[in-house]
Amino acid sequence: MSNKKTHWSIKRLTRFLVVVMPLYSSLSYAQTADAESDFAQHKGRYLAIASDCVACHTASGGKPFSGGLAMPLPMGNIYSTNITPDKTYGIGEYTLEDFKKVLREGIRRDGSNLYPAMPFPSYTKLTDEDIANLYAYFMHGVEPVNQTNKKPDFSWPLTLRWPLMAWNTLFLEKGAYQYKSDRSPEWNRGAYLVQGAAHCGSCHTPRGLGMQEKAYDESQKGFLAGAKIGGWEAFNITSDKASGIGSWTQQEIVQYLKTGNVPFKAQAAGSMAEAITHSFSKMNDADLNAIAGYLKDIQAVGDEQTRPRSSQVQPRPNDEMPGANIYLNNCASCHGREGAGTTDGYYPSMLGNSVIGANDANNLIQVILHGANVNNGKDHYFMPAFSDQLSNQQIAQLAEYLVESFGGHALNVTPDQVEKLRGSSNEDVVQ
């Protein structure tokens with residue numbers, strides 16, 4: 001009897017295991033798959049931050065990634081698209097291969113070409129794994145938004161997309177980043193981020209007649225040598241000590257990317273302020289150091305800037321200049337009568353200030369007109385706009401006063417120059 005009971009118990013246990021083990025295995029597999037999916041989304045979210053996707057694909061007051069932000073082109077504005085997983089207006093119907101084709105070739109799911117205002121010439125360097133992780137994040141980690149896409153401001157035939165096929169043929173250098181075995185892992189990581197996800201060249205590399213970047217990596221002369229974009233001067237950030245950032249230490253570059261503020265050197269504004277607010281300030285220190293180390297190694301490219309923009313100079317306020325009283329009435333309460341600002345840089349010094357020491361007054365005019373706004377998650381640096389308080393003439397006079405008094409040189413700034421920049425505000429970008 002005992003043997004029969006034992007045999008019966010073994011049979012019951014065997015049946016139990018036959019039924020339960022597959023369920024357990026399925027559950028275990030599902031949990032593993034979920035963990036892998038969560039990890040892919042996590043990595044994809046970080047890469048979306050490094051790529052600063054939200055800054056271009058989110059309009060003021062809009063939901064994240066729902067598009068609608070105006071992107072100025074020579075013929076008029078185009079608008080960023082909805083890249084949420086909405087199946088009607090977003091990318092909800094995109095396969096991974098569709099998604100990859102957008103990033104690698106600038107070609108939409110319907111086969112039409114994107115304008116290179118979307119930085120696919122940089123994103124083409126992303127690895128297959130990173131593209132897959134980005135896809136996982138946008139498909140499963142982003143809220144779908146049922147919002148229509150805006151058509152360009154310009155009309156036919158300028159809206160035709162087929163000429164962009166020729167642009168791709170002439171200028172697009174397709175292919176993922178190729179690891180350089182003679183360089184350190186940190187250098188390669190920095191190169192990968194600068195050339196790819198962070199797409200630094202989109203703003204900081206000069207453009208040719210076809211609006212193409214003249215260089216795409218450190219092997220090509222002119223890479224990151226500075227460019228004019230949207231009424232701003234994207235400064236030369238090569239290792240040239242006068243024209244670029246060769247006089248900066250690696251730690252100063254990291255500090256700037258992380259906070260937007262390096263006292264007596266530079267404070268971020270415009271598109272760079274947006275990039276710091278939404279992207280660089282949220283990246284880890286290892287990646288910021290990798291970026292800084294790579295930038296320090298970029299071949300030097302000189303230009304008309306023959307001394308560092310942040311050179312310290314002896315202040316020489318000229319009370320006879322028309323801009324002196326404008327400065328005292330509008331600026332001195334924060335920046336000080338002698339332009340020293342505050343020691344922590346919250347109110348920047350006018351001395352050793354990259355914007356004031358530049359040979360081009362556009363960025364200075366832009367900051368006066370439209371202010372500055374950087375929120376790095378710890379500190380929120382803010383300067384009000386003076387476009388409503390000051391006339392074109394007053395802003396031109398103030399800019400001339402600042403450059404001569406605290407920049408160590410003189411510039412001729414005209415009211416017409418100010419007027420041209422009044423319409424190039426960044427106020428439509430989500431803050």
Side-chain angles (χ1 to χ4, degrees), residues 30 33-59 61-71 73 77-154 156 158-165 167-169 172 174-176 196-197 199 202 278 430:
D34 286 345
E36 289 176 352
S37 176
D38 289 346
F39 185 63
Q41 288 183 50
H42 175 74
K43 292 184 72 174
R45 179 180 181 276
Y46 181 82
L47 193 64
I49 289 171
S51 303
D52 202 13
C53 303
V54 73
C56 287
H57 287 277
T58 310
K63 292 187 176 181
F65 306 114
S66 61
L69 181 70
M71 314 287 285
L73 292 178
N77 289 335
I78 59 172
Y79 295 88
S80 62
T81 54
N82 183 336
I83 58 169
T84 73
D86 180 73
K87 291 183 181 295
T88 304
Y89 302 113
I91 59 172
E93 297 288 354
Y94 276 57
T95 66
L96 175 57
E97 287 305 309
D98 294 332
F99 189 76
K100 185 182 295 184
K101 203 160 189 176
V102 169
L103 297 183
R104 285 268 169 81
E105 302 176 48
I107 298 177
R108 300 188 309 196
R109 183 170 180 265
D110 63 5
S112 60
N113 289 75
L114 294 173
Y115 295 100
M118 191 277 196
F120 61 86
S122 297
Y123 294 156
T124 191
K125 297 197 174 187
L126 297 178
T127 64
D128 287 345
E129 180 185 359
D130 275 345
I131 290 175
N133 290 335
L134 267 175
Y135 180 78
Y137 170 65
F138 277 106
M139 288 300 169
H140 305 293
V142 171
E143 176 192 355
V145 180
N146 191 247
Q147 178 172 298
T148 58
N149 292 300
K150 290 185 178 181
K151 294 181 179 180
D153 285 344
F154 43 91
W156 188 92
L158 293 176
T159 52
L160 292 174
R161 300 273 181 154
W162 65 262
L164 295 171
M165 295 172 61
W167 191 97
N168 277 15
T169 301
L172 179 60
K174 289 189 292 185
H199 58 281
S202 296
H278 302 299
V430 63

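Looking at His57, its side chain does come within 3.5 Å of a backbone N or O of Thr81 through a donor-acceptor pair. Between the side chain of Asn82 and the backbone N or O of Gly67, no donor-acceptor pair lies under 3.5 Å. The backbone N or O of Glu105 sits less than 3.5 Å from a side-chain atom of Asn168, completing a donor-acceptor pair. Listed for the Ser80 side chain is a donor-acceptor partner under 3.5 Å among the backbone atoms of Leu69. Judged purely by atom type and a 3.5 angstrom limit, His199 uses its side chain to pair as donor or acceptor with the backbone of Ala197. Checking side-chain atoms of Tyr123 against main-chain N and O of Val102 turns up no donor-acceptor pair under 3.5 Å.
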Identify all side-chain donor-acceptor contacts of residues 140-148 below 3.5 Å with residues at least two apart in sequence or on another chain.
{"from": "Asn146", "atom 1": "ND2", "to": "Asp86", "atom 2": "OD1", "distance (Å)": "3.2"}
{"from": "Asn146", "atom 1": "ND2", "to": "Asp86", "atom 2": "OD2", "distance (Å)": "3.4"}
{"from": "Gln147", "atom 1": "NE2", "to": "Ser66", "atom 2": "O", "distance (Å)": "3.2"}

Report task. Determine, stepwise, if the pair Asp130 / Lys125 fulfils salt bridge (Lys or Arg N to Asp or Glu O under 4.0 Å). Result -> CA-CA 10 Å; Asp130 275 345; Lys125 297 197 174 187; over 6 Å; no
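Scanning all heavy atoms of the two residues, the minimum distance from Ala117 to Ile78 falls at CB-CD1, 3.9 Å. What you find for Asn77 and Phe154 is that their closest heavy atoms are O-CE2, 3.7 Å.
With ring centers used as reference points, Phe138 lies under 6.0 Å from Phe65.
Here OH of Tyr115 is found 4.5 Å from CZ of Arg161. Values are rounded to the nearest 0.5 Å. In this structure, Lys174 NZ and Arg104 CZ are separated by 10.0 Å, a value rounded to the nearest 0.5 Å.
Checked against salt bridge (charged side-chain N to carboxylate O under 4.0 Å, His left out), Arg109 has the following partners two or more places apart in sequence or in another chain: Asp98.
Taking 4.0 Å as the cut-off between side-chain N and carboxylate O, Asp38 and Arg45 do not count as a salt-bridged pair.
In this structure, the side chains of Leu126 and Leu103 come closer than 4.5 Å at one or more pairs of heavy atoms.
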